[in-house]
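Beneath this line is the structure, given in structure tokens, with notes to follow.
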Amino acid sequence: MILEAATCAPDHGTLRPWRFVVLADDAKDAFGSVLAEATAADCRDRGVEPEPAKVAKDRTKLARSPLVIVVACAYEPSPKIPRHEQYAAVVAATQNACLAATGLGYGSMWRTGPNATNPHVKQALGLTEGDDIVGFLYLGTVDPSAVKPPNTGDLEGRITYWQPPPPTATDSGHR
Ligand SMILES: Cc1cc2nc3c(=O)[nH]c(=O)nc-3n(C[C@H](O)[C@H](O)[C@H](O)COP(=O)(O)O)c2cc1C
């Protein structure tokens, strides 16, 4: 249901660029070790020493919710639809999934961080290096003590009403 809602997102050219990798149950727990190893490998690639605290955090971070869905964009070669529009479609799909989860009474949290761009993570998920991870979607039952008041938005200075420019002498036929 949540993923069906995701695939109802606006999608220029019907390219279906979204990919979903579901991390559930024991597989989700096991993927924590993959994240930890991927973080260490990425540090080695960049010639930096892995921070033990960060590596340890990767091992347990997926335990924050019972289900994590990795949403990725696999770009389709297209002469008409640019990559940023394909990425935008996957962003819309991700938000649809969040809204569907809310509608079903679940909570969702969209996270990225360094794991989203780590090539070792992409490889472990069966994605190609050219794919982009758009988010790790943490889904689960909301802890009532953690519920915050809804965002009221901050529109100050963010809306303008366009008006046509005033007519010039040329527009009114004078020379
Ligand atoms: C592309 C994207 C990536 C995000 N990555 C993170 C993240 O890594 N960590 C984080 O705490 N929040 C991240 N967020 C923000 C959360 O998903 C969420 O919007 C924020 O915590 C506010 O939640 P609230 O609206 O329930 O207060 C990200 C949001 C987007 C759109």
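Read the numbers this way: they start at 1 and go in the same order the structure lists the ligands and their atoms. All values below were derived from every heavy atom in this structure, side-chain atoms included, with hydrogens, water molecules and symmetry-related copies excluded.
Considering Q95, M109, K148 only, the shortest heavy-atom separation from atom 10 (C) of ligand 1 involves M109.
The shortest distance between side-chain heavy atoms of D132 and K122 falls below 4.5 Å.
At a heavy-atom distance under 4.0 Å, only side-chain atoms of N151, from C-beta outward, approach ligand 1.
Note that atom 22 (C) of ligand 1 has no protein non-hydrogen atoms nearby, at separations under 4.0 angstrom.
Nearest protein heavy-atom neighbour of atom 4 (C) of ligand 1: W110 O, 3.4 Å. At the top of the distance list for atom 9 (N) of ligand 1, counting protein heavy atoms only, stands R111 NH1, 3.7 Å. Shortest contact from atom 3 (C) of ligand 1 to any protein heavy atom: T112 OG1, 3.4 Å.
A salt bridge does not link K54 to D58: none of the charged nitrogens lies less than 4.0 Å from a carboxylate oxygen.
Taking each heavy atom of P66 and K28 in turn, the nearest pair found is O-CE, 3.3 Å. The minimum heavy-atom distance linking C43 with P50 is given by the pair SG-CA, 3.7 Å.
Under the 4.5 Å side-chain heavy-atom criterion for ILVMFWY residues, a single connected hydrophobic cluster contains both I133 and Y138.
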